[in-house]
Structure formats: structure tokens, C-alpha cells
K.L.:
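Encoded as C-alpha cells, here's the structure I'll be asking about.
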Amino acid sequence: MLESAQLLTADGEAFVLSTIIALDSAEPLVGAVLRGTAHGVFEARIDGEPVSAGVLAPGWSAYEWRLPVEEYDVLSLIRDGSRLDVLVGNGWWRGKLGFEGLGLDYGKTIGFVGELELTYEGGRIQRLSTGPGWEARTAPVSDNSLYDGVRIDASAASHSLGVTVEEFDRSALVPQIKPPIERQEILAPSRIWTSPSGKTLIDFGQNLVGWTRLRVTGPVGTEVTLRHAEVLEDGELALRPLRGARATDVYVLSGGDDVFEPTLTFHGFRYVEITGFPGELGGDAIEAVVVHSRMTRTGFFECSDARVNRLVENSVWGQKGNFLDLPTDCPQRDERLGWTGDIAVYAASACYQFDCADLLHSWLLDLRAETERAGYVPFVVPNVLKLVPREALGAHAAILGPTAIWGDAAAWVPEALWWAYGDANRLAEHYPALVVHLESILPRLSENGLWDTGFQFGDWLDPTAPPDRPLAAKADSGVVATACLYRTARFAASAAGELGLDEDRGKWEELARRTRDAFRRHYVEADGRIHSDAQAVYALAIRFGLLDAAETALAGARLARLVEEGGFRVATGFAGTPYVTWALTETGHVSTAYRLLLEDGLPSWLYAVGMGATTIWERWDSLLPDGSVNPGAMTSFNHYALGAVVDWLYQCVAGIRPAAPGYSRVRLEPTPGPGLDWARGTLRTPHGAVECGWRRESDSVITIECVVPDGVEADLHLPDGSLRVLRSGAHEVSVEEEAGR
């Protein structure tokens, strides 16, 4: 793969590499494949036609060990004398990545390596590979940054650049697995108006990720500037949440009819401020282009409460925005990193909403590569933080090492993929990183078997924590970490069993047993209270199965009491939020779970909906009731982790669950509750579409409707406690609703 191709670089923030395609045979072409990758990102065109709909290729990976090679079928574009042009930009390779001014780059130069493979009718193959014979010239994109935006000068003349051949590690080349990043939707402005300061503002009605496409005609040299933001504050763009990211695109007009589209960057935004536009800006001059990795929508949910439906759509839009090549924390500020904790708690929701098997599989291969080199699961994957010089870390160096939830991404993401898609071969590829994760924890356990040493993120962003102290959660971090270790050890044992690794299975089963015993001995009191007495610790202990039956009942009652005493407001952060409604439901407190879901005071899921959110926020109060932005230095309005409650909506409220990996057998367990009159869900599984829902016929009668795909059986668990086995087809059952749940 790319055996004779050379990595070509040139001076400049962006440049274009070119070659003329000279066919060396009169025989008809029967195949033409372009393969390429970059230190940076690239776009290839043949005679001005793009070779694919993809942008920002090849994305971001653990470059040192996995540099994906894109492959395009270009037969329809080839003729003798065609010109192949490749635009090369900084992307993530030279992106000044990180936060707090880290400014991390993988290298000082960007470059492209590729080959065009031509196959003639007689079977002969001709290869045109990158090398010194290629030409380079300046691009109209003079500046390009994922964080800061681009400057495109349509009036500038292009001139030649020198080409340099650089060495690179060919062993890192791997086939591209991830789906391409593409333009997915176009949104027209919902409003254009003048701000209090006299600026022209545009609202697209939806917080999104991508860029704007601008059509403009004006005098040559005119500069038009666009700034992007997710929310407004005092009627102007709220720029503080962007921190160091400028999120600004500048266009210099050619004097003719210009169309500008900044494909070497992306922004997280709902609002745009535009200055310098010649004449009056009309709605037909600008549109928002939604950009993310290609993913097929697979899961749907709706119910009788429009606010809950909006919450689900906020989760869906959050996944769109943060699944741009890899699962990120946020898409707008100077960060946009593959934080492992966010996807660890959200993976099950992600796999319901979209087919993200290939994207998450590729990311897990990066996680494995980074983990095997670091000796523990890094906080972010790709682990760009390893580029920070050790001496520059200072006291922060002490926090490096295995952590619960963040490190548990090595287990919980493969677990979600296993249940969603049932691919044992991929499970085998993910298993080694899971082993490294567990083995990195073992030396850090206390003599009592608890994971109560070292740095932990804990129940990150507990709503009681002060704005600038997100670690100050009520839940004890040792309780959280030990509970997570138990869940991960259990899955490791299960995975080892599926893979035929009996010795490993026994080892992890024993670790799980010891961890559970230690948890119950040191953290669970005789009256069922769990150390630190926070909602999160009960949610984890119940959902992860750490307690015996009597303890579970007591813990469920205590959790319900805490929720009630808290006015049914959320009191959990990243650790507890995905599981609190699950824990209430599993211990018979369904009505409490529903009241928690439907509460709209601060903090709650529906508070953000009431404040106009169209994506999930990083903090419960990212926007305060008076419309001002949270004073903390870290506030994102597109951060899916706290939206993981939708997994409960999908699996509990609608009731669609896998009874076997990949949904080869389905468990249907719809759970009606107060406050909703009906709910239904649909999931397109590898075996066909599953539907399940319920509607309230009267105060006591519930009708269940479900559809089972061909060749699949489903176990229908009814609210009255009975069980029915369903074969393929549509089914309707009416039952008495159990009172007092």
C-alpha cells in the first residue's frame, strides 16, 4: 500500500499538489483507484471534480501507529491529460491542539502521500505515485485552523512552491475503516437581524457543527468576516465559552460572483455575526452546512411530551456534532478532543441512535495503540496530550495514570458495540486494551481491595460542585471507581469467555468477586446506606449489580428518598447521570424515575430544553436562568455525556433491549409511568427493524404494540410481571398497569 509513493511537503499554511495523468496504453481503462493519506487533511480533484463527497480526510488518528489510507474509485473522471490536484491543509496534524494555550502540533510540516492506480483491459497496471515530479502551488486558503477558522483570498494569484520529499513511517499505514466526513444537511437562516451594538446576526435555529456557505458579489479585495458562537448573551455573540478558539472565517472577494465554503475547518455554532458584507444580506446568500461522519440513523423515540422529544433530538444533534471523525467532548472551543469518559457513558445511546460501528471500532483501535504505549488508557484518544513536554506538566504529571470511567472506555465502548452489533472478531481486537486497563489498575488498589488511591475524575460536574471546581462532587471518588472496576471486570470475564480465553475469564471473575466483596464490606452499611450517601453511588451500585437482593431494595429506597428530598432535581454528574433512572426503575421506583425525567427546574434535563437548548449542554446550568452564561471557564453547549439518560428512554420507557449480542434475540420490556400517555421506539438492528411502544387506554389499562423482525424471537416482559415469547410480526397486548410503581 503506497509502497513507491513519497510524502510531499511544501511551504505554506495550505498548498495544492498537482500532476498530469498521462495514460501509457491505448487499451481501455477498466479500473482507476486513487489512494492517499496526509500529515494534515486533503481534498483531491480531477479536472476540478472532487473525487468524493468527503472532507477533512483522512481525519484524526493515533498518527504514529495508525495513519489511515483513503481509497477512491475515480474511473469515471479519468482521461488522458487529466489534471490531479490535491489541496493539503493543517487539519489535526498541525492544529495547535489542546486547551489553555497548549498549542500542540504533531509536526512542523504538512504533506500528502498517494498514488493513482490505473488498470487496463489487458490486466496491465500503471501507477502514478507522489514524488519530486509533482508540482506545488499556493492555495487561496492562506490560513486554516480547526479552532480559529480560515482566510480565503479569492483575489490572490497563485504561484509555484518548491516540493520537498520527507521520510515517514510506512509501517503506520493502515486501510481507512472509518466512514467519511461529509456534508449532511443544509439549514437556511431562521432569522437575520441587527444586534444592540449594530452587528448583523444570523440565527440558524439549531446548534450544529460544520460551516456556512456564502454567496457574495462585491468589489475586488472586499473583506467579509464571519464569527460563530453557540449562544447569545446580552443580544451579542457569547464568545467567552470558545476560550482561545477564534472561530472566525475571513473571505476576500474576487470582484466576481464568489461562493465561499471553508472546508479546512469546522465550527460549533447556531449564530453567526457577519461584517463587511457588501449590500444587504438576504437569506439566500448564506446557509449552514451540517458536517459529520457518515452515519445511518437507526434509532427513534417519541412520546406524548414534546419536551422529552426535544431532549431526544438534542441528544441526536449532540452525537452528530461530536461524531466528526471520532467521538469528541465538544466541537466548538479550543479542545475538541476524544475524551474517553464522555463516550464511555454515552456509547450505548450512540449505538442506538446511529450505526456507528465502524467509527467507534476505528477509534478503539487508536485507543488500543495509545494504551499499549502509555501503559494505561489515556484521558483522550488520540492522545495528543502526550506531546506536552513532561517538564511542562509540573504538578499535573501526578494525575496521569488509570482512571475510572475515562479508562473504562476500554471496556464500556466495546461492551456497547458487542451488544449492538455482536461482532466477535472486533471484540477480539478490542480485548487487549481492556486487559492493559485492568492490569494498570491492580497495582493501585488498596490492601482492602478498593480503588481509592490516585487521581479520579469521579462524578465529574455534579451540579452541586462550584463552577470552577468540577471535581468537587458529593459522591466519594473511591466508591465511584471501585463500582466501575467491578463492572469492567465483569465484562472482561464475559468477553474472555466469548473469545475462548478460559484462564482470563477465571482471572477476571475472581477480580470481580473480590471487588464486590470489598465494596460491600467497606462502603455498604447495615441499613443499606452507601458511603457518601449521594445519588450517584446508589445509582452505580444498583445498576452495576454490586449489592445482594436485600441491599438492593434498601439502596433503591434510599435513592428514591434522596430524589424526592431533592425536589426531583438531578444531583448527579458524568458518573451517576446515565444510571440514576435505571436504578430507580430496577428497584420498583418507576414513578420517581419519571418525575425525575419530567422535572423542569434547575438542575434537570428539561431545564435546558425550556431554555431553548437544541443540543445537550456540558453543565446542567451552562446557561443560567437570567440568560447569562455560566461563569465557569469550561462551558460547552454541545456535550452529549449528560444526555445519556436517553438510553433509559430507549431501553426502559420504549423497552427495546438486546437479549443476545447483535439483537439476534430481543428483549422487549416497555415501562409505562406517570406523566406520559404513550411512548414508542424503533430500532434498526442487524436482523431488521424492531418496534415497541405503549399507550394508556385508561387509568389502569395499558396497550403494548410491538413488531419483531423476520427470523428473530422476542421475550416480551409485560408491566404485570408476565412473560410472552413473540415470533416475527406485529403484536398487540393489553394489560392492567401495576399500581404504585
Side-chain angles (χ1 to χ4, degrees), residues 1-9 17 33-44 50-74 86-95 97 105-107 109-117 129-130 146 166-182 263-264 266 291-295 323-328 336-338 343 355-373 380-384 413 417 423 425-426 429-430 433:
M1 182 166 50
L2 304 182
E3 290 182 2
S4 61
Q6 295 175 297
L7 175 67
L8 301 184
T9 67
L17 292 168
V33 176
L34 176 65
R35 300 184 184 90
T37 190
H39 286 172
V41 294
F42 74 93
E43 298 174 17
V51 302
S52 80
V55 294
L56 296 167
W60 188 11
S61 62
Y63 292 125
E64 301 91 338
W65 308 290
R66 298 188 67 252
L67 184 58
V69 176
E70 302 279 347
E71 184 170 303
Y72 310 109
D73 182 346
V74 296
V86 181
L87 171 66
V88 186
N90 290 319
W92 292 269
W93 177 267
R94 194 172 64 183
L97 303 174
D105 290 333
Y106 283 90
T109 59
I110 55 174
F112 172 77
V113 55
E115 67 180 14
L116 177 63
E117 181 181 278
S129 301
T130 49
L146 298 182
E166 290 195 8
E167 294 296 321
F168 73 103
D169 185 0
R170 294 182 182 277
S171 68
L173 297 176
V174 295
Q176 180 64 281
I177 299 171
K178 293 176 289 189
I181 306 166
E182 295 176 337
T263 59
L264 296 183
F266 63 88
V291 180
H292 58 77
S293 292
R294 182 196 296 166
M295 300 181 293
F323 273 50
L324 194 156
D325 195 61
L326 70 152
T328 55
R336 313 184 197 187
L337 306 178
I343 189 59
D355 180 355
C356 47
D358 292 343
L359 185 150
L360 289 179
H361 172 59
S362 181
W363 182 78
L364 283 168
L365 295 180
D366 286 327
L367 182 146
R368 175 180 171 179
E370 300 280 18
T371 297
E372 289 177 340
R373 272 71 177 190
V380 298
V381 172
N383 185 19
V384 67
V413 179
L417 291 173
D423 191 326
N425 291 328
R426 287 187 167 183
E429 291 186 82
H430 306 152

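Both backbone and side-chain heavy atoms feed into the values below; hydrogens, waters and symmetry mates do not. No experiment lies behind these values; they were computed from the predicted model shown.
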K.L.:
Stepwise, does the side-chain contact (heavy atoms from CB on, under 4.5 Å) test hold for Leu264 with Val41?
P.N.:
CA-CA 8 Å; Leu264 296 183; Val41 294; 3.9 Å; yes

K.L.:
Should Leu367 and Val413 be marked as a side-chain contact (heavy atoms from CB on, under 4.5 Å) after you check the CA-CA gap, both sets of side-chain angles, and the distance that decides it?
P.N.:
CA-CA 11 Å; Leu367 182 146; Val413 179; over 6 Å; no

K.L.:
Output yes when a side-chain donor or acceptor of Thr130 lies under 3.5 Å from a complementary backbone atom of Gly114, and no otherwise.
P.N.:
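Yes; at least one donor-acceptor contact below 3.5 Å.
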
K.L.:
Between Asp366 and Ala62, is there a donor-acceptor pair closer than 3.5 Å when you use the side chain of the first and the backbone of the second?
P.N.:
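Yes; at least one donor-acceptor contact below 3.5 Å.
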
K.L.:
Kindly compute the distance separating CD1 (Ile343) from CG (Leu364), expressed to the nearest 0.5 Å.
P.N.:
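Nearest 0.5 Å value for the CD1-CG distance: 9.0 Å.
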
K.L.:
Taking Lys178 for the side chain and Trp60 for the main chain, is one N or O donor matched with an acceptor at less than 3.5 Å?
P.N.:
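A pair under 3.5 Å: yes.
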
K.L.:
From Ser52 OG over to Asp73 CG, what is the distance, rounded to the nearest 0.5 angstrom?
P.N.:
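Answer rounded to 0.5 Å: 11.5 Å.
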
K.L.:
Quick one: do Arg373 and Trp65 satisfy side-chain contact (heavy atoms from CB on, under 4.5 Å)? Show the steps, please.
P.N.:
CA-CA 10 Å; Arg373 272 71 177 190; Trp65 308 290; 3.1 Å; yes

K.L.:
Rounded at 0.5 Å granularity, tell me how far CD in Gln6 sits from CD in Glu166.
P.N.:
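Between atom CD of Gln6 and atom CD of Glu166 there are 11.5 Å.
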
K.L.:
For the side chain of Arg336 and the backbone of Leu146, is there at least one donor-acceptor N/O pair under 3.5 Å apart?
P.N.:
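Such a contact is found between Arg336 side chain and Leu146 backbone.
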
K.L.:
Do side-chain atoms of Trp93 reach the backbone of Ala38 as a donor and acceptor pair under 3.5 angstrom?
P.N.:
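No, Trp93 side chain to Ala38 backbone: no donor-acceptor pair under 3.5 Å.
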
K.L.:
Which atoms form the tightest heavy-atom contact between Ala57 and Tyr72, and what is the distance?
P.N.:
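Looking at all heavy atoms of both residues, the closest pair is CB-OH, 3.7 Å.
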
K.L.:
Give the minimum heavy-atom separation between Ala172 and Glu64, together with the two atoms involved.
P.N.:
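Distance-wise, the nearest heavy atoms are CB-O, 3.7 Å.
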
K.L.:
Could you tell me which non-hydrogen atom of Ser362 sits nearest to which non-hydrogen atom of Ile177, and how far apart they are?
P.N.:
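In this case the closest contact between Ser362 and Ile177 is CB-CB, 4.2 Å.
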
K.L.:
Please report the shortest heavy-atom distance between Leu359 and Pro179, naming the atom on each side.
P.N.:
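Shortest heavy-atom contact: N-CD, 3.9 Å.
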
K.L.:
With sequence neighbours excluded, what pairs up with Val88 under the side chain to side chain contact (heavy atoms under 4.5 Å, CB included) test?
P.N.:
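Partners of Val88 under the side chain to side chain contact (heavy atoms under 4.5 Å, CB included) test: Phe15, Leu17, Val86, Ile110, Phe112.
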
K.L.:
Pick out which of Glu70, Glu3, Glu117 makes a salt bridge (charged side-chain N to carboxylate O under 4.0 Å, His left out) with Arg35.
P.N.:
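The passing option is Glu117.
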
K.L.:
Checking Glu370 side chain against Val381 main chain: does a donor-acceptor pair fall under 3.5 Å?
P.N.:
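The answer is no, because no donor-acceptor pair under 3.5 Å joins these two groups.
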
K.L.:
Once the angle between the rings of His361 and His430 is folded into 0 to 90°, is it parallel (under 30°), tilted (30 to 60°) or perpendicular (over 60°)?
P.N.:
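If you compare the ring of His361 with that of His430, the planes turn out tilted.
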
K.L.:
Could you walk me through whether Val384 and Leu337 pass the side-chain contact (heavy atoms from CB on, under 4.5 Å) check?
P.N.:
CA-CA 8 Å; Val384 67; Leu337 306 178; 4.0 Å; yes

K.L.:
Per the side chain to side chain contact (heavy atoms under 4.5 Å, CB included) rule, which among Thr37, Asp169, Leu2 passes with Leu67?
P.N.:
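Only one of Thr37, Asp169, Leu2 forms a side chain to side chain contact (heavy atoms under 4.5 Å, CB included) with Leu67, namely Thr37.
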
K.L.:
With distance as the sole test, does Glu115 use its side chain to make a donor-acceptor pair with the main-chain N or O of Ser4 at under 3.5 Å?
P.N.:
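Not a single qualifying donor-acceptor pair exists.
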
K.L.:
Has the side chain of Asp105 got a donor or acceptor atom that lies under 3.5 Å from a matching backbone atom of Gly95?
P.N.:
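Yes; at least one donor-acceptor contact below 3.5 Å.
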
K.L.:
Within this structure, what is the NE2-CG distance for the pair His39 and Leu7, rounded to the nearest 0.5 Å?
P.N.:
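His39 NE2 to Leu7 CG: 5.5 Å, rounded to 0.5 Å.
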
K.L.:
If you compare all heavy atoms of Phe42 against all heavy atoms of Ala44, which two are closest, and at what distance to 0.1 Å?
P.N.:
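Residues Phe42 and Ala44, closest heavy atoms: CD1-N, 4.2 Å.
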
